[in-house]
Visitor: 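One structure is given below, represented as structure tokens, and several questions about it will come after.
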Amino acid sequence: MDADKRFAKALEAAKDALQHLSMSLDFGCLDCTHIDRLLGRVVDLPTEGNQRNSRRNLLVIRQWMITEGPGVVLLEVLGQLYWRLGELNSKQFEKFKTTLQQQQPYLSLIQDAGAVALVIQRIRNIQRSKADACQDFLCELSDLSGMSVDSPMTEMDVLITNPSSPFTPQSTHSQDSNSSQESESTSLIKYVPSSTTWGGDMEQILTDFYINGICPGRTVARQSNTYISLLRTAKTCLSTRYALLSLAASYISEHLPGQKETYNQAELYYSTQALKALAAQINNKENPDGALATSMLLMHHGAINQEYSSICWSCHANIFDAIPSEFIDQHSGPALFIRTQFVLARTAQSSHKLQSAQIRSFETKNWLEGVPTTEALQVCGTLGFAPQLLFFISSITSLAMNPNTPSKAVYAQLQETQLQNLKQWTAELQGPEQDVLLATAESFRLAALIYLRCRLYGLTRFHPSVIELSDALHAVLHSLPVKGALYTATYPVWPVFIAAVTANSDKRDCLYQRVVPIREGDKNTLSAVLKRVSGIRTWLANQDASCQRRHGWWDEMLSPSSSTMALGVNMLCLG
């Protein structure tokens, strides 16, 4: 094949890849088989003499990623481009790049923050796979030699959260970065560069931190991450961009104490701008999807800073009433996130409180209607459990707050049977991420069963069936990571709450001890939840162990008189 044909074929392969990428609304849903294969070779270049040509070609790809941006490697999504580029000489390759640089789809790809985030995520995945393989091999050797092999958790955490790729947005090779790296290995924030390595404008700093520090810590799922998809929304929605920057500033200020005041000011500025832009957006009836995304980020921001704010995080759910329902995608990631926070928070409110509360429009609609059963049972990567399970939890609370509902007992028994038979699934590939995600989903299912039996049937924590379920729930919770790469924001806070109020003091203390790394880590909602449970310890200890059924005890437990701590007026965030 002559040079012109080789060039034409390479360009055709690139155009096919760009067309394929343009059909996907979320890079997280891509099949990364070919991408991972190429990245694995780019990261770990061949060293054998007979692979000199391969090494040379891979170095070209590596340099291309460094100069143009890591997103260029996504052009290998169809598995057609790399070997065609290997047929080009240096002049043809430069002509190839120049041609692509004149095409908008290519420029959009290399400038897309989501593409950058995906590539960095895949490199980290490759790092972990190689380290796991080494550890397995060391274990095999230890079986033969009798030598002990230490757990790789600490080293693995540092490896995964400290990317060494030369195109990582900021390097971490400064002398004072050790403290940041140490916090990464135990917290939700997976990457915090040293303050001495950060330069440039504030928005770029915060965007890089959001991509590399916040997004990887939102979910253990590799196939989907709502927070990554919001980067694309932020490109066209000003309020979402400001909300994203404000959230990043809120987190980063905790990791860079020397610049805390600067980032606190940035947080206040961007949150104010986000609210102004959102108000204008709603008045002008513009970009409802963007408005929903903004409200999700502001709700997240409010939940983790509840202690310092008199405004409840729940106020941002008003977006559902501000936008006509026909313009809202009820099944989008942001909509599901907001709804989940409310559904779970309602379980920690008494029936009296619920009956006098403002019930928002989205809480009364059958939002799951029309969703295929398979899709409804798929575990949401950002939440850690399936939408169908969320619907059941909401229905249980609804029955509890309406005690005169006809056939209430029949509905309760039907829901219990459905919960017992509920089979959640995930599209995640087999591996530790899938194991954690499924275990998390199972903890929510067990917690929902306990919640139903306690709140609707009046079974107390001394009832054998509740004890059995509670023991199973505690076992799952103790199996989930509380630090390291596999610990993310999908950690099941609501099941911890359910487990804590239905266990004896010894099991509760063990659970508290288990989550110490979370309580001492980054901003989260678990600390407030445990504080709430601590307030009713005395009430729990005074319950009659011989009483296995007492209707209304759940409401009594949640009343202000049962707590030694003032409850305040804000809702308890259990998500």
Visitor: Atom CZ of F209 and atom CD1 of I252: how far apart are they, to the nearest 0.5 Å?
Guide: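 It comes to 5.0 Å.
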Visitor: Could you walk me through whether T440 and S443 pass side-chain hydrogen bond (donor to acceptor under 3.5 Å, both in side chains), step by step?
Guide: CA-CA 5 Å; T440 300; S443 74; 5.5 Å; no
Visitor: With rounding to the nearest 0.5 angstrom, report the CG to CG distance, L344 to L572.
Guide: 10.0 Å
Visitor: Check the surroundings of atom NZ in K408: do more than 12 heavy atoms from other residues, nucleotides or ligands lie under 6.0 Å from it?
Guide: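 Atom NZ in K408 is crowded, with more than 12 foreign heavy atoms closer than 6.0 Å.
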Visitor: Should we say atom CD1 of I311 is surrounded by more than 12 heavy atoms from elsewhere, each under 6.0 Å from it?
Guide: no
Visitor: Treating Q121 as the side-chain partner and P216 as the backbone partner, does any N or O pair qualify as donor plus acceptor under 3.5 Å?
Guide: no
Visitor: Judged by modelled atom types alone, do Y263 and E254 share a side-chain donor-acceptor pair under 3.5 Å?
Guide: no
Visitor: State, with a plain yes or no, whether a side-chain heavy atom of M557 is found less than 4.5 Å away from one of V501.
Guide: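 Side chain of M557 against side chain of V501, heavy atoms only: contact under 4.5 Å found.
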Visitor: Verify whether one side chain among H352 and S350 offers a donor that lies under 3.5 Å from an acceptor in the other.
Guide: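 The criterion, which ignores hydrogens and geometry beyond distance, is not satisfied for S350 and H352.
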Visitor: Would Q330 and R339 count as having a side-chain donor-acceptor pair, cut-off 3.5 Å?
Guide: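 R339 and Q330 do have a side-chain donor-acceptor pair below 3.5 Å.
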Visitor: To the nearest 0.5 angstrom, please state how far the OG atom of S351 sits from the CZ atom of R346.
Guide: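 So the OG of S351 and the CZ of R346 are separated by 12.0 Å.
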Visitor: With a 4.0 Å cut-off, would you call D555 and R455 a salt bridge?
Guide: yes
Visitor: Does atom CD of E468 have more than 12 heavy-atom neighbours from other groups under 6.0 Å away?
Guide: no
Visitor: For Q543 and R550, test the side chains for any donor-to-acceptor distance below 3.5 angstrom and give the result as yes or no.
Guide: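 On atom types as modelled, these side chains qualify, holding a pair under 3.5 Å.
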Visitor: Tell me, please, which residues at least two apart from S250 pass side-chain contact (heavy atoms from CB on, under 4.5 Å).
Guide: E267, H301, I304, N305, K523
Visitor: Given side-chain contact (heavy atoms from CB on, under 4.5 Å), test L438 with Q424 step by step and report yes or no.
Guide: CA-CA 8 Å; L438 290 176; Q424 301 176 88; 5.5 Å; no
Visitor: Under a 3.5 Å threshold, yes or no: a donor from one side chain and an acceptor from the other, between T397 and Y451?
Guide: yes
Visitor: Are side-chain heavy atoms of F337 and S332 found at a separation under 4.5 Å?
Guide: no
Visitor: Before giving the answer on side-chain contact (heavy atoms from CB on, under 4.5 Å), spell out for Y411 and L456 the whole-Å C-alpha distance, their side-chain angles and the decisive distance to 0.1 Å.
Guide: CA-CA 10 Å; Y411 283 126; L456 297 185; over 6 Å; no
Visitor: When you compare the side chains of S562 and S559, does any donor N or O come within less than 3.5 Å of an acceptor on the partner?
Guide: yes
Visitor: When rounded to the nearest 0.5 angstrom, what is the spacing between OG in S395 and CG in L390?
Guide: 9.5 Å
Visitor: Give me the ring orientation class for Y210 and Y227: parallel if the planes are under 30° apart, tilted from 30 to 60°, perpendicular past 60°.
Guide: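 It falls in the tilted class, 30° to 60°.
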Visitor: How far does CG of L419 sit from CD1 of I450, to the nearest 0.5 angstrom?
Guide: 11.5 Å
Visitor: Could you tell me if R537 sits above the aromatic ring of Y512, with its cationic atom closer than 6.0 Å to the ring centre and no more than 45 degrees from the axis?
Guide: yes
Visitor: Give me the ring orientation class for W494 and F444: parallel if the planes are under 30° apart, tilted from 30 to 60°, perpendicular past 60°.
Guide: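 Ring orientation of W494 relative to F444: parallel.
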Visitor: Report the C-alpha distance between H255 and D522 in whole Å, list the side-chain angles of each, state the deciding distance to 0.1 Å, and finish with yes or no for side-chain contact (heavy atoms from CB on, under 4.5 Å).
Guide: CA-CA 9 Å; H255 291 272; D522 288 306; 2.5 Å; yes
Visitor: Check the surroundings of atom CD in Q420: do more than 12 heavy atoms from other residues, nucleotides or ligands lie under 6.0 Å from it?
Guide: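 More than 12 heavy atoms, drawn from other residues, nucleotides or ligands, come within 6.0 Å of this atom.
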